[in-house]
Structures are given as C-alpha cells and as structure tokens.
Amino acid sequence: MGPAMSTTTPLATGWTFRNAKSSESHSVARVPSEIFVDLLAHSLIPDPFVGKNERAVQWVGEEDWVYEVTFPTPAAATASGQTTTHLVFEGLDTYATVTLNGKVVLKCDNMFTPQRVNVGDVLKGEGEENRLSVLFESAYLKGRKIVEKWPEFAWGCWNGDKSRLAVRKAQYHYGWDWGPMLMSAGPWRPVYLESYIDRIEDLYFTAEVSDDLSSATVKVTAEVEGDAEKIILCISSPKGKDHVSTVDVKDGKATTTFTVKKPALWYPHGYGEQPLYTVRALIDSDISIAQQSKRMGLRRACVVQRPLKDVKGSCFFFEINNIPMWCGGSNWIPADNFLTRVTEDKYRRWLELVKDGRQVMVRVWAGGIYEDDKFYDICDELGLMVWQDFAFGCGNYPAMIPEFRESVRKEATVNVKRLRHHPSIVIYAGNNEDYSYMWGEPNKLGYDAADTNPENWLKTQFPARYIYEKILPEVVAEHSPLTEYHRGSPYGNEARPDGGDYTIGDTHQWNVWHGTQEPYQDWDKLSARFVSEFGMASFPSIEAIDSFLTPETLSERNAFSSTVEHHNKADGAERRIALYLAENITFRPTPLEAYIYSTQLMQSDALTSAYRTWRRNWQGPGKELTSGALVWQINDCWPVTSWAIVDSLFRPKLAYFGIKRELAPIILGARRTVVVTPADKYTAAHTKTEHKLQVWMSSFLPHPSDETYKLVAKSFHANTGELLAEDVVAESIPAPHNRAIELADVLLPGWTSRGPADDSHLAIVTALYLLPSASSTAALADAVARTISWPDPLKHVPLSRSPGLGALHWQGKVKVRTQRPVKGLQLLADGEVQWEDNGVDVVPGEVVEVGVTGLDKVGGAVGVRFLGNERGGGVALAGQGVWEAVKLEEV
C-alpha cells in the first residue's frame, strides 16, 4: 500500500436549516451559506433590499438558528491507525455550538476566526452516517447581555447598536450610514473534513529585497504536524526556474533560505509588472504525502515618515522598490450584506474597476471583514496595494474583558498568518476612527499619552488602547515583521492620535460633508499628509433605484419619497446634498433622472477638485505635503444613496470617471484667485480687482525625461462660445518626474477689468492644454494633458442650454464636439454599454473622444445630459463621411 495523501472532504451539500424553536427544516442549496440567503431561497422572508423590507426582517437577527447535515465517514478518515481527522470551519457567524453525533466538539464566539477540532474519536466507522449540527445563537441578543454585565464601562459608538462592540462580528451587520441592519448568521465560509498522517500546518516566508534591488533573500518556513522527518521546499520563478532544498524537520518546523539574483520585482500597476513566484512545500515519505503552495511577490515596501523641509510636521508616503508613491485609491466596504453572494467574479469586477480607474490602492475598511483570499489574490495580480484595517470601527471596545482580549489576539494572529504572503498588503492599521471617537468623549476616556504601561490602559475607560498598541503590533511584528503597522486610521502620534493634526500621519478629512461642512472649493485648506478618507454623497443610478421599487410603489419614484429616503442611511443626507447642490449648481428635483444627474455631477466636481488640489502638494523629496487620497468609497453593499463612486449594480457614477481623469500620469490643474488691491490703507471702495489663474502640472512619471512642453490657454464665452483669448502661457516646460510643478500665475485669459461691478469673469471658460514644444498651438490632439477652468460657483455661469453638440461613433469611440462650452456631458445608452469616460467637459475647437463597448448592439442615438440640460435629450450619431462633410451646426 502506497503513502496516504492528505485528503479534504468538503461538507458543502445536504445541509438543512431551521429555527431553533421549530422542528421544521428547509434545505440549504450549498454551504457556505447564511440565514438570510436561505430564508430568501424558500420565500420565507421578503427581499430585504426591496422597498422598506429591511424593517420586516429584523426578527431574523433575534432568533437562534440550527444548520444540520448528515454525511458518511470518508475512507480517508479510517485509512490508517496513524490518521488524524479534523473538522474544519473556516468561518462561523458568530456564536456557534457545534455538535457531532450528539457530542459538543467546539464552541465559537468570533466570526473572523477559523475553527478546527480533532474528531477522529467522534466519527463513526467508514461509510456510516454522522450527524453534524451547528446552533447559531442571536449575536444581537448575546451582545446586549454582555453590555448589561459591564454597566460601568463607557459603551459608545458611531453607527449601529453599542452592543456590537462586544461581539466579534462584521460591524456593518448592525447597520451603518450607508447600509442596512441585517444580522446574519450561519456557516459563512467552507466546512470540510481534513484527514492526514502528516500535514503542513503553515507555509510562510520573509522576503527581503536588497537596497539596490539586485537580489532578494527569502527565508521559507514550513510548520508540520505529524512525524515527517524531511520536507522539500521550493521557489519557482515566474518563468518556471526552480530553487529547491530538502530540509530536516525539527520540533515541527523546517526552514531554509534562498537567494534570488536579479529578482523579478512586483510593482503597483502603472509602475511595472506584477510577476508572482510560487513557494511550495512537499512531504513525500513512505507513509504520507502532503503539500502546500503560496504565491509570492518580491518587492521592497515601506511607509516613509520623516521631517519635511521648511514646513511643520513629517511626511507619510508609501515607497515601493525605492519609488515614492502618490496613492490615489478608494476605501472598500463589503460588497454585499450577504457575504456568501460575493463570488470571485464579483471581486474581480470590482477590483478591475479600481484598476481601470487608475487607482493604485484600496483600503479594506475596519467595519467589514478580513476579505476572502480571492480578493487579495486578485489585488496581487492587478497590482493594487492594500491598506488592511483590523476589524474595529468607530467605537470604544471592551478590552478590559480578558476573554475579549484573548479572542482578539487569536483573530489577529490567524488573519495575519493567512494574509501575510500577499505582496499587495503594504500596511496594517489597528482600527477605523476609534481614537477619533475617544478624542471627542469627556476627559478623552482617561487617555494619557504619557502613560506607557499597558496594564494601566485596561483600567481606563479606553481599554482598547491595549489592543491597538500592544496586541496588534505584537502580532504583526511576530508574523509579518516586514509589513508596516499603523495604530489606527486616522492616527497621528501619541499626543494627537485622532488624526486632527494634518501635518502628521493620516487623516480622515470629513469637514466637507460632515464636521464643519466646508465648501469643497477649500480642499487646499483641508490638506493633510495622507487623506485616507474623504467623500461626497450622491444618488445611485436610476437602475439601482428601480431595483428596490415594486409595481406597487412606483408612486415612490421620486427623490424625496419615504422609500427612496429609506435607502439613504446617512443622518441629514437629504439636507446636505441639497446644501451642496444649492451652493454650487443649478438643478431640478424632477424628473428623478435629472436630480440623480445633478447629485452625481456635484459629487464629481467635489471629488475631482480634491485629487487635483492634493496632487499639487506632491512636490518632490522633502516636500511630500500630501502623498495620497483614498476616496470614501468605491462600492455599495445594497442599492443606496451614499458616498460610493460606483453603485451596487457596478454602474460607475460620474465621479468615478472624474477621478480617473485626475489620476492620469500627467495632469494639469488650475485654480482661480481674486487679488484685491486697495488704493490706500483706509479705503474699502477704491480698489483694484484682478482675476487670476494659477496653473500647475502634476506627474507620476517615475523617471526623468528630456521632453519639454508649452502651456496653451483658450478662453471662451460660456454662453456664446466666442473665442475671447488664445495665449501661450508658458514655454520650455521641463517634464517633471513624480512631482508637481507650478506653471503659471497670470491674469485670467480673456478677462479685462470693467469696474467694481464687473462680473464678466463668470462668463469665461478657459481650456488649458499641455502640448509638446514642437507642436502647433492648433494641434490640440497632441495634448499630453488638458483641463477646463470654470468659474465658481457653476450656478452663476451663463451656460447655453443648446450648445450645438455633434457626435460620431467610429471604431469603438464616440467623438464629441460643440459650438459652445459644455459642463459635465454624460453620454447615455440603453443596455450594457460600457463607457471608458463620462461626465466630460467640452469646449469649441476640440474633439473629445470617449471609448465605448457595446454601443453597436443598441444602435440609434446616444442620450446626453449636461449642466443646464439635466432632463437630457438625444444627439444623432453622424457617420464618418457626414462628420467630415457637414458643418458642425448641421449635425
């Protein structure tokens, strides 16, 4: 008889579920699963995402549920007297008691911690039926009882019931300001039996790339269960070259070190390739065979924090393979309230949207989960850096409870060990806004920056400091020592841990929308070293809204209906959206499609101006004043009005495309200023007013270039389209690499003073083009970068409602031109048409090209909306011959 293979027996089918109070059971299609998915499958509840049904299903979270399955003992479990068989649950949500053949074999109280138990003595003989039962108790009720036991503790949080703080469960299940309260339960990750004689319990490595990037030292370790004496460790290069070593197993471990010369380095996309090595471990003895493999990306990664030149504070930027990175990216929330519906395909669609949007970082937010392995695998492949939060968000966690601390340490350990091999993960952060919550509470909950004794922290009303400053850094240092640990997000330093000092650490900049509700034109005053959250809310697509309306509720198909407002969880959101709309643009509340457009245009204008402004602060070594901005948020977990830039149906909002434009390798930025000079120091009436234009260029180019450029400005009358000025504003501009440079500070082209009552600047739209020095000023198609400077606020601009648009669909692109300036041109088409850009600005004399797929299948006209024509209309698509032969106004 040959050696026995390590064998996995999935327990995925044949399950039933029932209410613990009832004997009536129902089938489960497949495990992993969860209670809402299974109740929905049997039409036992209405769809919580439709209408106000969320309210009608709250009872589910306060019941206990039982999942059961019978299965025959596999032959592998009894193949040898030396065989060990474990029952493995990769995730149980949350309070679970597992019974096998009438015997309680394990209890779980943490959704994030896999469970494994030896059941060799509990299983029946080969082929005989076993009965497995899992009781899930109500996490909501359990949490409420824990709170009751600790009445002296300062329980408190933002979002959700305070009892969530006591429960190690995805915190967003309790409801958030963008998501419903749906308290799920069930076996949410795979369940299986694992039978083995020898088992590779873990395979891990540290990979240190030399300072000059010429070599990498990889220390590989395998942890082994069983009696194996030797193990084969191997590294395979992306091209298939193997480095192999046979290593002795001592005290359950085998370690060897490989040196890789001229390593193929992993880079974030846009900076290089994403080659992945494979690390393998193999036990091949006379009695057993076991193997495990993991992928590896070789890179140097660090967070640089050092004093800046001539300004207060220190920088905070990521450096990959010696290249400083300006990190444009997004925050990520769980992609569904029902996690078992998030497939690999859905992960890939979401993350490809991130990459296609030119974003290089995604922050896995603390109120969700440690995502599935597939999420991080895809990030590795796509070249997306991951900022990984630990799962503590917006509250005061009860770390004074010993059992809670023990559970947290186990949770952190298993998840860091699971994730540590991913090159995409470049930082772990201890929490989301917990220090900020503490900072705003009376007496700061007893926080004392000078007290460095962790045991004392447990005696304060902020015992969670013990988690963020002792448990988590210890876990990361032990299990992923080359990865940065950051105490929280935001976090500055011990004296100001809440992120309120913008000159250090990272900041959540919510003084636009939340906080003081500043104008979004003031992002320059709200700059920080690294902005890990900021945002502006908008409505989702009309398709997303229609998805939660029913034929019976079509009367609710308006922006202010109770059903639509139920799908808007942010306090005061209706007022704040209306406030920012009223401050900035003209809009109409009906039809609903027009209001949706207006909110999305406003959101896009707000967010793109932030990226443009903060990229200006990336000024080279010693002047990294702002080194990244992660928008809140990329995605939604249900159809909702939120800060997302892509809605729950994968439909990008206008802001998604606007941010994509602002993250191009080279961009132009422009800001209008007003300089008022009084005739003397006493007068307020006798002044000289100048309207000026500041222009800068921001570059992500990693290497210097000999190319030079010139800056061309063309100003138009906003209503008539008349060309007011055409100037070469700057010449012989060098190509900066990986920084921003100032290009001009000049009078607004086309503006002349007409006295103190003059508002003519409000009618001037200025297009700016960065052209190669050798190009003609008329060769706008040669432009390396382009931006349009509009007066602020846009509501005062005398735009034409009939700008004379023309469009051509040709070779996978829609080409657009206009007679008069157009702001926020949204291209529309029925069906699954995919646009590469949208919400574009267009001025006379240029052709704007937008890539598109699927338009051939729908044919006919393309719909359009733009500022001043929010209701929308159609524009005929000209053929190539017509486009070239006729005058623009005839199209």
Side-chain angles (χ1 to χ4, degrees), residues 353 356-357 538-546 587-588 591-601 603-604 645-647 649-658 660-661 721 780-781 786 788 799-891:
L353 277 166
D356 291 346
S538 74
F539 273 53
S541 65
I542 190 63
E543 290 83 2
I545 291 175
D546 284 342
F587 66 97
R588 58 180 71 241
L592 178 56
E593 291 87 344
Y595 191 71
I596 290 169
Y597 167 82
S598 295
T599 69
Q600 290 194 13
L601 177 63
Q603 179 194 39
S604 180
I645 60 173
V646 182
D647 71 26
L649 299 182
F650 297 96
R651 290 183 175 270
K653 300 179 183 179
L654 296 183
Y656 170 85
F657 297 107
K660 177 181 179 179
R661 292 192 293 272
L780 301 184
R786 160 192 178 274
I788 311 296
L799 289 165
S800 170
R801 294 180 180 272
S802 302
L805 281 167
L808 164 72
H809 180 211
W810 189 256
Q811 295 182 339
K813 293 182 179 180
V814 169
K815 302 182 180 184
V816 179
R817 56 186 180 180
T818 185
Q819 291 175 291
R820 291 169 282 279
V822 175
K823 174 66 182 177
L825 177 67
Q826 182 180 29
L827 301 170
L828 305 162
D830 295 331
E832 295 301 315
V833 173
Q834 302 294 319
W835 302 99
E836 293 181 8
D837 199 357
N838 223 327
V840 296
D841 300 340
V842 192
V843 296
E846 65 176 9
V847 175
V848 174
E849 297 184 352
V850 177
V852 62
T853 57
L855 192 57
D856 289 327
K857 298 178 182 178
V858 299
V862 168
V864 294
R865 287 193 182 90
F866 48 88
L867 185 60
N869 186 10
E870 295 81 10
R871 286 180 176 271
V875 58
L877 289 175
Q880 178 72 21
V882 175
W883 174 273
E884 295 172 347
V886 304
K887 296 180 180 179
L888 180 61
E889 59 268 23
E890 295 174 329
V891 176

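Taking each heavy atom of G658 and S604 in turn, the nearest pair found is CA-OG, 4.2 Å. Scanning all heavy atoms of the two residues, the minimum distance from P844 to Q819 falls at CG-O, 3.0 Å. Summarising the geometry of D356 relative to K660, their closest heavy-atom pair is O-CE, 3.2 Å, with the distance given to 0.1 Å. Taking every heavy atom of both residues into account, G824 and L601 meet most closely at CA-CD1, 3.9 Å. Here the closest non-hydrogen pair linking R820 and G721 is CG-N, 3.6 Å. F866 and S800 get closest at one heavy-atom pair: CE1-O, 4.1 Å.
With Y597 contributing its side chain and L592 its backbone, the two residues share no donor-acceptor pair below 3.5 Å. Judged purely by atom type and a 3.5 angstrom limit, N838 has no side-chain atom pairing as donor or acceptor with the backbone of L654. Here the side chain of Q600 pairs a donor or acceptor atom with the backbone of F539 at under 3.5 angstrom. Distance alone, capped at 3.5 Å, places no donor-acceptor pair between the Y595 side chain and the R588 backbone.
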Practice problem: Applying side-chain contact (heavy atoms from CB on, under 4.5 Å), run through R661 and D837 and close with a yes or a no. | Solution: CA-CA 8 Å; R661 292 192 293 272; D837 199 357; 2.5 Å; yes
Quiz item: Is there a side-chain contact (heavy atoms from CB on, under 4.5 Å) between R786 and V848 once you walk through the steps?
Solution: CA-CA 11 Å; R786 160 192 178 274; V848 174; 3.7 Å; yes
Practice problem: Could you walk me through whether E593 and R871 pass the salt bridge (charged side-chain N to carboxylate O under 4.0 Å, His left out) test, one step at a time? | Solution: CA-CA 7 Å; E593 291 87 344; R871 286 180 176 271; over 6 Å; no
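Side-chain atoms of P540 and I545, non-hydrogen and from C-beta on, do get closer than 4.5 Å to each other. Considering only heavy atoms from C-beta on, P803 stays 4.5 Å or farther from P821 through its side chain. The shortest side-chain heavy-atom distance between L855 and V814 falls under the 4.5 Å cut-off. At least one side-chain heavy atom of K653 sits under 4.5 Å from a side-chain heavy atom of S538. You'll find the side chain of L828 stays beyond 4.5 Å of the side chain of V864, heavy atoms only. With contacts defined as side-chain heavy-atom distances shorter than 4.5 Å, the pair L825/L805 qualifies.
Atom CG of D830 sits in a sparse spot, with 12 or fewer heavy atoms from other residues, nucleotides or ligands closer than 6.0 Å. No more than 12 heavy-atom neighbours from other residues, nucleotides or ligands sit within 6.0 angstrom of CZ on R801.
Taking CG of L353 as the reference point, atom OH of Y656 lies at 4.5 Å (rounded to 0.5 Å). E846 contributes atom CD, which lies 9.0 Å from atom CG of D841 (distance to the nearest 0.5 angstrom). Of the inter-residue distances, the one linking D647 atom CG with I645 atom CD1 reads 11.5 Å to the nearest 0.5 angstrom. Here the CD atom belonging to E870 is positioned 11.5 Å from the OG1 atom belonging to T599, to the nearest 0.5 angstrom.
With respect to the salt-bridge test (charged N to carboxylate O, under 4.0 angstrom), the residues E849 and K815 qualify. For the pair E836 and K813, the salt-bridge criterion is not met [side-chain N within less than 4.0 Å of a carboxylate O].
Remark: of the listed residues V840, V852, T853, V852 is the sole one forming a side chain to side chain contact (heavy atoms under 4.5 Å, CB included) with W835.
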